[in-house]
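Heads up, the thing below is written out as structure tokens.
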Amino acid sequence: MSRSLLRSVLELRTPVSRLSPTPLLPIRARLMHQTSQIIEPSPVAPESIINNTAVKQPPQQTSTSTTPPPSNPVHQQPSPLSPASLDPSIGTLLPLLAAQPAHYITIHIHGRPYLVTAGDQLRLPFKMPGVVPGDVLRLNRASTLGSRDFTLRGAPYVDERLFECRAVVLGTEAEPMRVMIKKKRRCRRKRHVFSKHKYTVLRISEVKVAKLGEMEV
Amino acid sequence: MSYFRITLHRSAIGLPERTRGVLAALGLRKRSQTVFHPVHPQFAGMIMKVKELVRVEEVDRPLSKKEVKAERTPEPGFYVERPAEGGRVGL
């Protein structure tokens, strides 16, 4: 037990010590960032997560020299409209998240999570009733919203005023026909049952983080 | 006036006929079915008979079947913001 622990600690340490000063660095850094962000729990205690508020993770400090710190809060604006229902950390950290482009978002459609970014094509596991190709859907339930260094986590959902996510209905896809053979014992007759399901395909057209000043109320 | 919100949590399979009779009298047929009964000694006694099988809460008003279902259903998470230009063809 103690040996395996020691080994795991050593394994954890090695990438740091093996960091090369060559241009490989940013790639390595990004990898480390992603893994550490997934593994590490939020530093903020769960008591501070009030419903409909969120917790920000500060950028990980594992490799300080490699990644440039998130761009300075140029976008930081006075936020007069920030409602009292939001966590105070959002006021300081949301501009940082908004300043880092390429956001990902975990949207929830009928309670199921889909982690997407802008431009993704998403095949839902069902045919959405009542929509036709070309419809623009506004997705308003998300549990996480993040960029490379920051993650905004909802409890359970991120406040829907903090982001805008839209999707365009591209159409429906069909799976190949399934054939299931039904056969009873001691009887030669076989019955074929066919089924072919249809799935709605969406394209995520927009993932935008709101600026606190111009939040829709 | 308050109500008991009674949910059958464990099945009555293999239990004595008398216990199943109590569940039938409460109107519980299958697991996770929810019924509402007014707070009254008669119903409290019935709940005591099957207390190992049900979960009970006290609520202010009975919910309809639709409302109970709506509690369980997750939100859709989307709405049609702008319909397609060509109209609702191919729907």
Should we say atom NZ of A:Lys190 is surrounded by more than 12 heavy atoms from elsewhere, each under 6.0 Å from it?
-> no

Kindly write out the residues that satisfy ring-ring contact (aromatic ring centres under 6.0 Å, His included) with B:Phe78, not counting sequence neighbours, or none if the list is empty.
-> A:His110

Counting N and O atoms only, with roles assigned by atom type, does the side chain of A:Asp135 sit under 3.5 Å from a partner on the main chain of B:Pro83, one being a donor and the other an acceptor?
-> no

Might you point out which heavy atoms bring B:Ala84 and A:Gly134 nearest each other, and give the distance in Å?
-> CB-C, 3.6 Å

Side chain, backbone, both or neither: which part of A:Ile107 has a heavy atom under 4.5 Å from chain B?
-> neither

Distance, nearest 0.5 Å, that separates CZ of B:Arg82 from CZ of A:Arg166 = 8.5 Å

Beyond-backbone contact of A:Val136 with B:Val80, side-chain heavy atoms, under 4.5 angstrom | no

If you count the non-hydrogen atoms of other residues, nucleotides and ligands that lie under 6.0 Å from CE in A:Met180, is the total more than 12?
-> no

Less than 4.5 Å apart, any side-chain heavy atom of B:Tyr79 and any of A:Leu137?
-> no

Rounded to the nearest 0.5 Å, the CD1 atom of A:Ile109 sits from the CD atom of B:Glu75 at a distance of 13.0 Å

Go through the structure and list residues passing side chain to side chain donor-acceptor pair (under 3.5 Å) with A:Thr200, not counting sequence neighbours.
-> none

Would you find more than 12 non-hydrogen atoms of other residues, nucleotides or ligands less than 6.0 Å from B:Glu67 atom CD?
-> yes

Do other residues, nucleotides or ligands put more than 12 heavy atoms under 6.0 Å from the CE atom of B:Met48?
-> no

